[in-house]
Amino acid sequence: MVSLVVVALILVTGLSTWLAEDLAGDGAGRTTLIMTIVAVKLSMVGLFFMELRDAPRPLVLLFHGWIVAVWALIIGFHLVG
């Protein structure tokens, strides 16, 4: 299972890099898409490599809440700035 997660992370990293470099300057929509990909990658790393799959539910919810909060903060700053 971990091997599939590693492959998925590599592919998604390539996708986000391609989006960032090839379509730079396309506005807030592109940034939101890239940051959403980053949030999904963070979730995968937390669940599979930080062993949060087996952690107590409140800890998992706190971790995902942190991801959403940081995502919203970055997107908010990008839209305002």
- Message: According to side chain to side chain contact (heavy atoms under 4.5 Å, CB included), who are the partners of A55, at least two apart in sequence or on a separate chain?
- Response: L52, L59, V60

- Query: Shared ILVMFWY cluster between L47 and V2, side chains joined below 4.5 angstrom?
  - Reply: yes

- Message: Taking side chain to side chain donor-acceptor pair (under 3.5 Å) as the definition, give me every residue that meets it alongside W66, ordered by chain and number, with sequence neighbours left out.
- Response: none

- Partner residues of T31 under the side chain to side chain donor-acceptor pair (under 3.5 Å) criterion, sequence neighbours left out: H78

- Item | Gap between atom CG of L19 and atom CZ of R30 - 0.5 Å precision | 5.5 Å

- Item | Exam field: side chain S43 to backbone A39, donor-acceptor pair closer than 3.5 Å | no

- Task: With sequence neighbours excluded, tell me which residues meet side chain to side chain donor-acceptor pair (under 3.5 Å) with T32.
- Result: none

- Item | Spacing of I10 atom CD1 and L15 atom CG [to the nearest 0.5 Å] | 14.0 Å

- Smallest separation among heavy atoms of M35 and W71, with atom names: O-CD1, 3.4 Å

- Set of salt bridge (Lys or Arg N to Asp or Glu O under 4.0 Å) partners for R57, sequence neighbours left out: none

- With hydrophobic residues grouped by side-chain heavy-atom distances under 4.5 Å, do L11 and I37 end up in a single group? no

- Do V70 and L61 sit in the same hydrophobic cluster, where Ile, Leu, Val, Met, Phe, Trp and Tyr count as joined when their side-chain heavy atoms come under 4.5 Å apart? no

- Query: Under a single-linkage rule joining Ile, Leu, Val, Met, Phe, Trp and Tyr whose side-chain heavy atoms are separated by less than 4.5 Å, which residues share a cluster with F77?
  - Reply: L73

- Could you state whether V40 and V5 fall into the same hydrophobic cluster, counting links through intermediate Ile, Leu, Val, Met, Phe, Trp or Tyr residues with side-chain heavy atoms under 4.5 angstrom apart? yes

- Decide side-chain contact (heavy atoms from CB on, under 4.5 Å) for T13 and W18; before the verdict, give the C-alpha distance in whole Å, the side-chain angles of both, and the deciding distance to 0.1 Å. CA-CA 8 Å; T13 299; W18 174 75; over 6 Å; no

- Item | Minimum-distance pair of heavy atoms, taken over all atoms of L42 and F63 | O-CZ, 3.6 Å

- Is there a chain of hydrophobic side chains (I, L, V, M, F, W, Y, each step under 4.5 Å between heavy atoms) that links V45 to I74? yes

- Item | Spacing of CG belonging to L4 relative to CG belonging to L9, to within rounding of 0.5 Å | 11.0 Å

